[in-house]
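Since the structure comes first, as structure tokens, the remarks are kept for the end.
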Amino acid sequence: MTEERIPLAAIDSGEKYVNERGMRVIKDGIKASSTETAPLPKPDWLRMRIQSSPKFDAVRSIVHEHRLATVCEEAKCPNISECWSAGTATIMLMGDVCTRACRFCSVNTGNPNGWPRWRRAG
């Protein structure tokens with residue numbers, strides 16, 4: 001059973017889709033129900049601008065070269081330029097899907113093909 005892959009740009013935040021690794025996930029995590037009023041757009045002066053620096057560019061190139069999933073990018077962290085300019089990136093070890101469903105976070109939410117299921121030996 002194969003599911004049709006939909007271009008990511010055509011998927012709204014909070015909708016389910018099949019990612020490039022074949023996992024069924026919720027884009028940008030679970031969001032509030034549609035019965036709530038939509039949030040107002042943020043003013044332009046409030047938006048963070050990414051400040052590029054040589055160290056930021058070095059971290060970005062390493063992350064992208066090795067196709068690493070980072071909380072910084074997946075969660076759309078507003079402090080990414082501060083951390084990456086200091087040479088720090090937070091890596092997601094199990095890929096770009098998180099099993100938690102924090103409503104404040106933008107990481108895709110799902111159960112990566114039923115794993116990991118940690119069990120005690122014995």
Side-chain angles (χ1 to χ4, degrees):
M1 170 193 216
T2 58
E3 296 187 43
E4 180 183 343
R5 299 236 166 80
I6 303 168
L8 194 55
I11 303 166
D12 289 331
S13 181
E15 289 187 11
K16 291 183 180 179
Y17 74 102
V18 178
N19 71 4
E20 64 277 353
R21 293 184 355 201
M23 289 186 272
R24 191 167 173 80
V25 299
I26 299 171
K27 182 180 178 189
D28 298 336
I30 297 173
K31 300 299 173 205
S33 66
S34 61
T35 59
E36 296 179 17
T37 59
L40 296 173
K42 293 178 178 62
D44 193 49
W45 59 264
L46 186 60
R47 297 184 184 275
M48 295 289 294
R49 305 287 190 282
I50 292 180
Q51 302 291 326
S52 188
S53 70
K55 207 172 224 184
F56 176 91
D57 294 334
V59 170
R60 181 175 49 191
S61 67
I62 290 169
V63 166
H64 291 177
E65 175 187 345
H66 296 287
R67 298 179 58 200
L68 299 172
T70 64
V71 174
C72 316
E73 289 183 309
E74 300 301 326
K76 300 175 184 157
C77 180
N79 301 320
I80 190 170
S81 61
E82 181 181 337
C83 296
W84 285 18
S85 292
T88 303
T90 304
I91 307 298
M92 297 175 67
L93 295 177
M94 302 304 285
D96 63 348
V97 178
C98 183
T99 58
R100 300 182 188 270
C102 306
R103 293 192 183 267
F104 61 85
C105 188
S106 291
V107 174
N108 291 337
T109 301
N111 187 353
N113 294 334
W115 65 276
R117 294 187 191 273
W118 307 108
R119 297 184 184 181
R120 292 184 184 174

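The side chain to side chain contact (heavy atoms under 4.5 Å, CB included) with I62 is formed by just one residue from the set H66, H64, R60; it is H66.
In plain terms, the two heavy atoms of S81 and S85 that are nearest each other are O-OG, 2.7 Å. Heavy-atom minimum distance, A75 versus S106: O-CB, 3.7 Å. Minimum interatomic distance between A89 and V59 (heavy atoms only, all atoms of both residues): CB-CG1, 4.0 Å. C72 approaches W84 most closely through the heavy-atom pair SG-NE1, 3.2 Å. Nearest heavy-atom pair, K55 versus G87, reported as atom, atom and distance to 0.1 Å: CD-N, 3.8 Å. Of all the heavy atoms in D57 and S52, the pair that sits closest is OD1-OG, 2.7 Å.
If you take OG1 on T90 and CG on L68, they are separated by 12.0 Å, rounding to the nearest 0.5 Å. Summarising the geometry, atom CG belonging to N108 is positioned 6.5 Å from atom CD belonging to E74; distances are rounded to the nearest 0.5 Å.
Residues I91 and T70 form a side-chain contact, since some pair of their non-hydrogen atoms from C-beta on lies under 4.5 Å apart.
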